[in-house]
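Below is one structure; the comments refer to it alone.
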Amino acid sequence: MWTFETMMHEPPGWVSAAGPRSDVILSTRVRLARNLEGSSFPNRATDEELVAIRERVLSAMAGSNYLTNALFIRMEEASPATKRVLVERHLASPDFADGGAGRATVVGEKEVVSAMVNEEDHLRLQSIRSGLQPVDAGRLVQRIDCELERNLHYAFASDWGYLTACPTNVGTGIRVSVLAHLLGLARGGRIAQVLGSVSKLGLSVRGFHGEGSAALGGFFQISNQTTLGQSEEDIAYTVERVAGQLAGLELGAREELGRKHGRRLSDEVHRAYDVLSNARMISAEEVMEKASTLRLGVALGLIDEVDLGSVNRLLVVTQPGHLMYVHGGEPTEAQRNGARADLVRNELKSCE
Amino acid sequence: MICEECNEREATIKFAEMTDGELTSWNLCEECAREKGAAASLSSYAGPLVNILMGLLEEAEEHGPEPSGPVCPRCGLSYAEFRSSGKLGCAVCYASFHGELKPLLRRIHGTTEHTGGVPSCREREFDSLKEVKRLQSELGRAIRNEEYERAAELRDRVRAKERELASTAGTDAPGTAGGDGSGEDVDVRDDDA
Ligand SMILES: [Zn+2]
Ligand SMILES: [Zn+2]
């Protein structure tokens, strides 16, 4: 049974690492932006209008065959901890979660399908999947969109397609993105060159670089940059193809790393595992860094005490909002670091 | 260095985005960086992107006439307000600022024509519009080639299609076109006779 409690206590379905190319691609996300004809976009609508729009969208969604059992969370009723968990799971954006009246988050079973109502647009419908699945995820959101469209009259212009609050989303309103773990390329020093060529294919790349070369785990997001002038299928296919090639390069870089520095890498991976399974206090940054190293080790077969799914799960459930929800109230940083270390140890113990 | 997002805390992380081979980066504190998340909502940076693009456009048309530009009659948003926020106020804004938005869309997307999905209730209208555009370009070609008989015939077909469109646009009730069928309809044209 899919309940609010299950959602809050169980990690999302996409962490399973069951999807294709999960060794490199953590997750795929596809979202559609839609607005109702005849209503102001959220940034220019009054509170009463926003509430009316929300109820119209929610009642259409309640009738969807793909959203049976979905949770309808009206944001003014959500606790601060719930809001943070939604943000950390990518089910809500930070501004949206803290925003005013008339907003709602819809969460389908195992978080495969979800939606934000009255974020920047009236409806942001999305699907998050495990591994590399842009085409499949794109088909799913389009099917749901077709179903909703029987009850919702969307703002659409014959020349410019679906009309959105920001002109960067107009046309298809589709954003297809994958979260890739490219630690091998980052360690091998080829990341800038590879991502540079990806960005020339009309895709945008985002990631974090800390003081060290790959301090924040070598995670990068690749997504389509434009939404007008191509079909939804073509956009999803392009992201799938390019991310697939990127995964191939990453696997090559990992293999080379294993060949050249096998002993050193194996030492590093086991040390990361030891820290995670023994620490009594640990920060979110350290978990991310160590889990990233561990992930590489699991993928290269250097360690078999854990699997990819457990490492993915660590990355999700150790975030501050999740700890805040489990702990209750506002824990101090020291309390959070303690609770996080306990959680990580339990997680690793359970997969031995 | 101070965080470029909150302007409060010390910036320790460089957030980078690469577009068309060009690197843009922001210096962020850990907290803001985490909020942006490696997979955070793209919309948070869409605003600045539009501003940058419009900054470029503004330079090009420095000697533009009125400062506030047109105003949307439905929601009251002025083009100047859009320029500073990067967000439109309603669907009618797209028609109200059509002339201004067209070059902007070309700059953002490289094109100004939607070729993706269409709501099923609008499919027929959309097809007719495409057909009008096709006939019009054929008409232009016929005139250039001095095929006047063919041009006259094409002109009549364009007019007929446009009349047909005008009559359906008024009764634009949702869900009138097509039932639950799978959409692979045979293209029936009855205007050849
Ligand atoms: Zn900051
Ligand atoms: Zn308007």
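Side chains are part of it too, since the values below use all heavy atoms of this structure and drop only hydrogens, waters and symmetry mates. Just so it is clear: chains get the letters A, B, ... in the order the sequence lines come, proteins before strands, and each one is counted from 1.
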[X] versus chain B, heavy atoms under 4.5 Å apart: side chain, backbone, both or neither?
{"X": "V198(A)", "result": "neither"}
{"X": "N43(A)", "result": "side chain"}
{"X": "S39(A)", "result": "backbone"}

Heavy-atom count around R56(A) CZ within 6.0 Å, excluding the residue itself: above 12?
no

Out of [options], which one racks up the most heavy-atom pairs below 4.5 Å with chain B?
{"options": "A45(A), A33(A), G38(A)", "result": "G38(A)"}
{"options": "F41(A), Y162(A), F96(A)", "result": "F41(A)"}
{"options": "N35(A), N151(A), L152(A), V170(A)", "result": "V170(A)"}

Side chain to side chain contact (heavy atoms under 4.5 Å, CB included) filter on D234(A), not counting sequence neighbours, yields Q230(A), S231(A)

Taking only residues two or more places apart in sequence or in another chain, which ones pass side chain to side chain contact (heavy atoms under 4.5 Å, CB included) with T46(A)?
E48(A), E49(A)

About how many Å separate CD of Q126(A) and CZ of R31(A), when rounded to the nearest 0.5 Å?
9.0 Å

Output yes when a side-chain donor or acceptor of T111(B) lies under 3.5 Å from a complementary backbone atom of E113(B), and no otherwise.
yes

